[in-house]
Every structure is written in structure tokens, then in C-alpha cells.
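When a ligand or atom number is given, it counts from 1 through the structure's own listing order. All figures in this text were calculated on a predicted structure; none of them were measured in a lab. Scope of the values below: all heavy atoms of this structure, side chains included, with no hydrogens, waters or symmetry mates.
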Amino acid sequence: MKIMVIGGGGREHAIVKKLKENPNVSELYCLPGNGGIARDATCIPVAATDLDGMVCFAKEQKIDYAVVAPDDPLAMGAVDLLEAIGVPCFGPDRKAAVIEASKIFAKDLMRRYGIPTARYETFDDMDAALSYLETAPMPAVIKADGLALGKGVIIAQTLPEAKEAVRTMMADKRFGKSGERIVIEEYLEGPEISVLSFTDGRTVVPMVSSMDHKRAWDGDTGPNTGGMGTVAPNPFYTPEVAARCMREIFLPTIRAMTAEGRPFKGCLYFGLMLTGDGPKVIEYNCRFGDPETQVVLPLLKTDLLTVMQAVTEERLAECPVEFSDGAAACVILASEGYPGSYEKGYPIRIPDDLSAEVYVAGAKDRDGQLVTSGGRVLGVTATAPTLTAALQKAYAAAEQIHFENAYYRRDIGKRALTAPEA
Ligand code: AMP
Ligand code: GLY
């Protein structure tokens with residue numbers, strides 16, 4: 001089978017490595033991929049948002065199956081276009097991808113179908129938003145409606161900060177069109193849990209739970225990033241919480257999307273917060289999370305391609321999906337300065353006998369040498385019977401990898417280890 005994966009980060013590297021395990025995969029392409037993915041798949045210089053480019057490539061190469069991983073091409077309708085030329089895909093079509101592409105759509109869906117989430121109001125008029133804030137409780141959470149590279153959420157502690165956030169989005173247009181409409185929502189507290197799920201629109205199969213670490217620095221301080229590390233499973237996600245999520249969130253969401261004429265097929269990501277009032281949805285993503293995928297897929301025992309095809313063909317109910325009982329930890333090695341400005345082009349040295357998996361996110365090949373090319377450079381993932389052991393292994397491996405300006409958090413998994421169940 002000839003397979004193509006769209007995207008070029010650590011998540012795509014994890015997907016590529018897992019797909020390669022299937023002996024029926026004869027050719028594996030990644031568009032655009034990166035210098036590290038190039039060691040596991042043939043990388044083609046077509047940007048993840050170049051829909052014409054990917055359709056042409058799929059036709060020319062007679063691609064049998066496509067996995068569209070990032071949010072942008074999904075929201076732009078990559079799956080619709082590929083399926084129109086007869087290429088079966090893993091990923092939601094454009095109508096279903098709106099669950100991530102519009103936060104207002106997602107919030108209104110939850111309100112209509114009684115799915116627990118933070119209380120909220122939506123605005124397309126700045127003055128109305130500003131006057132609403134006068135009586136809103138603080139902290140308040142201000143969110144741009146559209147995709148904003150994970151940066152469209154501002155938690156304002158005070159009224160002046162909240163007003164400033166609204167102005168940045170609606171007047172200064174910091175996030176372009178994405179911020180023309182906004183959501184202002186109640187601030188929730190509690191541990192965060194990421195649950196990625198496979199769904200074909202009828203059946204939903206949650207994957208092993210995980211925990212992201214979004215802040216740049218130790219102790220969950222510093223600016224928000226794309227994610228500095230992850231662990232799986234998330235010990236706050238007890239069997240009781242899981243059962244409640246299935247009943248109150250996962251199934252109602254799948255049914256709601258189908259009822260709206262937007263059946264969701266692919267990976268639906270539930271960003272949850274475990275509040276005193278039970279689990280609530282913080283966000284939906286219409287795709288695998290990054291770097292959650294880097295801890296979830298290594299624990300998947302079932303063949304990934306088999307599950308993906310069952311999703312595409314709407315027979316997920318008949319497909320057993322198994323995860324190992326162990327734990328996984330991923331430490332992101334970033335360029336010092338990220339998420340702000342940073343230098344790139346530094347050679348990366350990775351020992352051959354490393355006892356961890358390295359997923360390459362921001363690196364390119366320069367004359368056979370891997371050099372840094374992004375903020376998040378590598379995801380170092382280890383699996384072990386326990387989370388403590390997985391963390392030890394991942395950190396031991398991280399210490400053996402060298403590039404100038406490398407930076408990583410030293411406390412990935414610390415919060416998870418404080419969970420009552422851990
Ligand atoms: P999002 O892009 O929606 O995942 O938001 C980014 C991060 O902001 C989340 O991972 C949470 O840590 C935080 N966040 C979002 N919404 C809320 C909320 N209503 N209350 C507290 N924190 C939030
Ligand atoms: N790690 C969060 C995300 O993929 O959006």
C-alpha cells in the first residue's frame with residue numbers, strides 16, 4: 001500500500017513510525033515531513049496547506065490512503081478534496097473539522113446538547129464585549145473564535161487585562177480573521193486531561209489518556225507553548241472519571257455532530273478539565289494532539305493503519321483497539337528562547353544506542369547532518385511499566401542528546417505523580 005501523511009512535526013513522526021510497523025505499507029510519504037522524518041519516510045516538499053499540491057501528488061503516485069494530521073488542512077477541506085479523487089483518508093471532512101476551527105461552533109454545540117463546559121458568551125462587537133466584562137467575574141478567559149496556532153487564548157486576571165485582551169483580538173487583529181469573533185468564558189480550575197479518541201461517527205474509542213505541559217518553564221510558569229512534554233496515562237483520569245466522560249461528554253459529542261449533519265470521522269481530541277463539578281470540556285481538537293501523540297501511539301498495541309481504516313470505513317465497532325498497561329513520557333527538547341525568538345541551524349547529536357524513541361519536530365537535514373530548524377526540536381519518548389520509570393528513562397536519554405541552545409523542562413510528569421491514583 002502507498003500511504004501519505006500530511007504534516008511535518010513530531011506528531012507526524014510518531015504517526016509515520018507507527019504506520020511503518022504494518023508490513024502491507026510498501027511506500028510511505030510525508031508532505032512536507034522534516035529532516036528527521038526523512039529517515040522513516042520519503043519527504044515531499046509540499047506544504048501541509050498546499051491542497052492542490054497534495055491532490056496532484058496523490059493522483060500522480062496513486063496513493064492508496066492518506067492521513068491528514070494538522071488542523072489547517074483539515075479545516076480547509078483537504079479530506080473532502082482527496083476523497084473526491086478517490087483517496088480514502090483518516091481525518092474529518094471540512095464540515096466536521098469546524099469543531100476545532102470555530103470555538104463558537106464548539107461552545108454552541110455543547111450548550112445545545114448539554115455537554116459540560118465553562119459558561120460563556122460570544123461577541124462579534126467589541127463594545128458589547130467590553131461592557132460585558134465590566135460585570136464579568138475575574139479571572140476571565142478570552143478566546144479568539146478561529147485557529148490561532150494555539151495562541152488565541154488569553155487568561156486575564158484583572159479587568160484591565162481582560163479589556164486589553166479583547167482589544168488585541170478585535171481591534172488590533174493580532175490573530176487576523178480568527179479574532180473577529182470571540183468567546184469570553186468562565187475560568188475553571190483543576191487538573192487537565194487530554195483524551196484522544198478514534199471515532200467513525202457512530203462508535204467512539206478513547207485512547208489512553210495523557211497530560212500536556214503547555215507552559216514554557218518549570219512549575220507551569222512562563223508563556224504558553226505548543227507543549228513542552230507529555231505523560232500517559234494521566235493518573236487523574238480514573239476509571240470513574242473515564243466512565244463519566246464517556247456518558248456525559250464523548251458519546252453526546254459524537255451524537256451531536258452526527259445530529260448536526262457533521263458526522264466526525266478521525267481522531268477527536270477532548271481537552272478536559274477535572275473541576276470540582278466534574279469533568280468539563282476546555283476544547284475540542286479535530287486531530288491528534290502534539291505532543292500527546294508522542295506518548296499515546298507508543299502505547300498502542302493494535303496496528304494503527306488497521307484502526308484508521310476501520311474508522312474510514314465506519315466499522316470501528318468491529319475493530320478491537322488495545323493499549324499496553326505501561327506508561328510513556330515525552331520530554332520536548334526546544335531551542336532556548338522558544339516560544340519567543342531563538343536561533344537555529346545547530347547540529348544535533350543523538351547517540352545510536354539511545355534507550356528512548358526520538359521524534360523529530362523542528363530539524364532539517366544539512367548535508368547528512370540533522371540541524372535545528374524550529375522552536376520545538378525533538379520529542380524524547382520512553383515507555384516503561386510505571387510513569388516514574390518512563391520519566392527516568394526519557395530524562396536519561398535527553399541528557400545524552402546534544403545541540404547548542406537546547407532547553408527542556410525538568411519537571412515533566414511531576415504534577416501527574418502527585419495525583420491520588422499515581
Ligand atoms: P485551549 O487553546 O483552548 O486549549 O486553551 C489553552 C489553555 O488555556 C488550556 O490548556 C487551559 O490550560 C487554559 N484554559 C482554556 N480555557 C480555560 C478556562 N475556561 N479556564 C481555565 N483555563 C483555561
Ligand atoms: N497539545 C495540544 C494540541 O495539540 O493542541
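- Ligand-side atoms of ligand 2 in range of N285: 3 (C), 5 (O), range being under 4.0 angstrom from any heavy atom.
- Contacts between T230 and ligand 2 below 4.0 angstrom, taking non-hydrogen atoms only, are absent altogether.
- Residue contacts with ligand 1 for E192 involve side-chain atoms from C-beta outward but no N, CA, C or O (heavy atoms, distance under 4.0 Å).
- Counting heavy atoms from C-beta on, the side chains of E260 and R112 come closer than 4.5 Å.
- Residue contact check: V141 has heavy atoms under 4.0 Å from atoms 16 (N), 17 (C), 18 (C), 19 (N), 20 (N) of ligand 1.
- Among E283, K214, R287, the residue whose heavy atom lies nearest to atom 5 (O) of ligand 2 is R287.
- Close approach to I282 involves these atoms of ligand 1, each under 4.0 Å from a residue heavy atom: 15 (C), 16 (N), 17 (C), 18 (C).
- Geometrically, R244 does not engage F250 in a cation-pi contact defined by less than 6.0 Å to the ring centre and at most 45° from the axis.
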| message | Evaluate Y284 against Y269 for ring pair (Phe, Tyr, Trp, His ring centres under 6.0 Å), listing each step before the verdict. | response | CA-CA 6 Å; Y284 292 118; Y269 167 131; 9.6 Å; no
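- Residue-ligand proximity, G289 to ligand 2, at heavy-atom distances under 4.0 Å covers atoms 4 (O).
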| request: Test F57 against Y29 for ring pair (Phe, Tyr, Trp, His ring centres under 6.0 Å), laying out the working first. | output: CA-CA 10 Å; F57 180 80; Y29 298 95; 5.0 Å; yes
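- Below 4.0 Å from some heavy atom of Y187 lie the following atoms of ligand 1, by number and element: 20 (N), 21 (C).
- At least one N or O atom of L188, backbone or side chain, sits closer than 3.5 Å to an N or O atom of ligand 1.
- A cation-pi contact, defined as under 6.0 Å to the ring centre and within 45° of the axis, is absent between R262 and F264.
- Listed by number with element, the atoms of ligand 1 under 4.0 angstrom from any heavy atom of E185 are 16 (N), 17 (C), 18 (C), 19 (N).
- No donor-acceptor contact under 3.5 angstrom links the side chains of K265 and T199, judged on distance only.
- Partner of E292 under the side chain to side chain donor-acceptor pair (under 3.5 Å) criterion, out of S210, S194, S209: S194 alone.
- Between F123 and Y132, the ring-plane angle classifies as tilted under the 30° and 60° cut-offs.
- Not a single heavy atom of F288 sits less than 4.0 Å from an atom of ligand 2.
- Remark: distances from the non-hydrogen atoms of K143 to ligand 1 include one below 4.0 Å.
- For ligand 2, the atoms lying closer than 4.0 Å to a non-hydrogen atom of D212 are 1 (N), 2 (C).
- At least one side-chain heavy atom of F323 sits under 4.5 Å from a side-chain heavy atom of V296.
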| query | What do the steps show when you test D80 against R94 for salt bridge (Lys or Arg N to Asp or Glu O under 4.0 Å), and what is the final call? | reply | CA-CA 7 Å; D80 310 57; R94 186 184 170 141; over 6 Å; no
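- When the heavy-atom distances from atom 14 (N) of ligand 1 to L272, D220, T275, I155 are ranked, the shortest goes to I155.
- Residue K214 has at least one heavy-atom neighbour below 4.0 Å for each of these atoms of ligand 1: 4 (O), 10 (O).
- Residue R11 places every heavy atom at 4.0 Å or more from ligand 2.
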